[in-house]
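Just so it is clear: chains get the letters A, B, ... in the order the sequence lines come, proteins before strands, and each one is counted from 1. Predicted model, so just to flag it, every value in this text is computed and none were measured.
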2 protein chains.
Amino acid sequence: MISTTIENYIKAIFYLGETATNVTVSAVAERMQNSPASVSDMLRRLYEKGLIEDKNNITLTDQGSFLAKQIIRKHRLWETFLVKTLDFKWDEVHSIAEQLEHVQSSLLTERLERFLEYPETDPHGDPIPDKDGNFPNLSIIPLSEAEPGKSYIFRSVATDAKDFLNHLDNKGLQLGQRWVIIEKEEFDGSVKLLVDDKNEVYLSEKVAKNLNICSGQLD
Amino acid sequence: MISTTIENYIKAIFYLGETATNVTVSAVAERMQNSPASVSDMLRRLYEKGLIEDKNNITLTDQGSFLAKQIIRKHRLWETFLVKTLDFKWDEVHSIAEQLEHVQSSLLTERLERFLEYPETDPHGDPIPDKDGNFPNLSIIPLSEAEPGKSYIFRSVATDAKDFLNHLDNKGLQLGQRWVIIEKEEFDGSVKLLVDDKNEVYLSEKVAKNLNICSGQLD
DNA sequence: ATAAAATTTTAGACTAATCTAAATATTCAA
DNA sequence: TTGAATATTTAGATTAGTCTAAAATTTTAT
């Protein structure tokens, strides 16, 4: 049987694997708020259970990866439920979904998904995998094509130019943020955003063309 | 912190306390499917945490009782959600609710209750305590006043006469059952029931007047 | 009232998950 | 390429929750 603890490790490894090039013991320890010694020990158990490929190469097996996606699926469906159905704010739901994601019943997950009318993304705009673990193909568009008033998620950049990335950094822009388009200036194509419900940011058309977004739920 | 394990013990003791005169180690062991040794050990911990009055008198303290009612409240609200909102059958929901009842967030429980429009009973007809632990006053009526087509829960008997109880036993009638009124004969006041969605039972008016029921949800 | 039966507690052991401290291995920079 | 810094593993302990087997206690029936 897979414990809640193991599920949390698998989820952490999945997320780290998405961003970091190679996942390390200390990165997992940092993320899980555990000591490296505990992580090292746990990795042995995950290997014995066939959830990671190797102790020296912390990569999920197919089985581990499927498990991770099931947990993420449940987490995101429950977050969607909490916001859409129970009127929670989109930034209040994480800790509750962390508990609900471990409830075991595939029928429950499917019924919840049906009730929510098969959402493609959660309230943070993150994609929800289907029951086979496939993520939806979210249509990615440049910020310059965004519609005023709508909510989007910052997904990727079209260039890696150092001064461009530096510019984003100065503006406080980071991947995964939720951007609401406040207004779009037809004259020069500049855009005014509300970032994470907190800061207003102005961007020129030149910049907006190089920022890729996808539509995030809950406008 | 109170673990899921402890919550399950407290719930078991609460339920046993409702029916049995005195709760014993072996009764708890039987109900929890654990060895008496484990239960004995756990009772020490429950006492240390102030959840039971005494090791020789297994009775919940006010704190323990409140905790039990919170768990029962969550269990019954989730069962109601599963049946009313996600279209589960009323006999499929127990094991899922056993997991959901341990999710910790009083705000979640209150929002769920509001979403369900403050139900007084769960799909089995069991009463749902409010957030202060008070059970609703379900209006108890004799079976002779039941309305055809509606669903009720068998709650109590108006007499303890031995041959009367024996008669109920012969008909397979037990407290807590869900009774759907199939028809009521105006001529002689006799009643035809469907017991727990399984057996049809005919009862005379004389018997029906001595059986107390309350309305159970989900007709 | 006392012996047998039943119940409960204690003792000692196990597993999962964690820790700290120490040992070992790896990386990286001069 | 070698020594310092960093990262990882091992060793030994701890806690919660469980077990079996044995000891102690309580109940019950004669």
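- The CD1-C1' distance, from A:Ile6 to C:dT15, rounds to 12 Å in whole Å.
- Within 4.0 Å (heavy atoms only), A:Asn34 reaches sugar-phosphate atoms of the nucleic acid but no base atom.
- A close approach under 4.0 Å does not occur between any side-chain nitrogen or oxygen of A:Arg45 and OP1 or OP2 of C:dA16.
- What separates CG of B:Asp41 from P of D:dA16 is a distance of 11 Å, to the nearest Å.
- Residue contacts shown for B:Thr5 are limited to sugar-phosphate atoms, with no base heavy atom under 4.0 Å away.
- Taking atom CG on B:Asn56 and atom C1' on C:dT9, their separation rounds to 11 Å, with Å as the unit.
- With D:dA21, C:dA17, C:dT18 as the candidates, the nucleotide lying closest to the side chain of B:Ala37 is D:dA21.
- The side-chain heavy atoms of B:Leu60 and B:Leu67, taken from C-beta on, include no pair separated by under 4.5 Å.
- Residue B:Ser40 places at least one side-chain N or O closer than 4.0 Å to OP1 or OP2 of C:dT9.
- Atom CE in A:Met32 sits roughly 14 Å away from atom C1' in C:dA16 (whole-Å rounding).
- The distance between the ring centers of B:Phe66 and B:Phe14 does not fall below 6.0 angstrom.
- A:Asn57 has its CG atom 13 Å from the P atom of D:dT8, to the nearest Å.
- Using a 4.0 Å heavy-atom criterion, one finds that B:Ser26 contacts the sugar-phosphate atoms exclusively.
- Closest to the B:Met42 side chain, of the nucleotides D:dA7, D:dT18, D:dT9, is D:dT18.
- At least one side-chain heavy atom of A:Ser40 sits under 4.5 Å from a side-chain heavy atom of A:Lys55.
- Between A:Tyr9 atom OH and C:dA17 atom P the separation is 9 Å, expressed in whole Å.
- Aromatic ring centroids of A:Trp179 and A:Phe154 lie under 6.0 Å apart.
- The cationic group of B:Arg111 lies under 6.0 Å from the six-membered ring centre of A:Phe88 and within 45° of the ring axis, placing it in a cation-pi geometry.
- Rounded to an integer number of Å, the gap from B:Asn22 CG to D:dT27 P is 10 Å.
- At whole-Å resolution of the value, CG in B:Leu43 and C1' in D:dT18 are 14 Å apart.
- In terms of position on DNA chain D, the residue among B:Ser35 and B:Lys49 whose nearest nucleotide sits closer to the 5' end is B:Lys49.
- Nucleic acid contact for B:Arg44: none, since no nucleic acid atom lies under 4.0 Å from a heavy atom of the residue.
- For B:Lys55, the listed nucleotide lying nearest its side chain is C:dT9; candidates were C:dT9, D:dT10, D:dT18.
- Closest to the side chain of B:Val25, out of D:dT10, C:dA17, C:dT9, is C:dT9.
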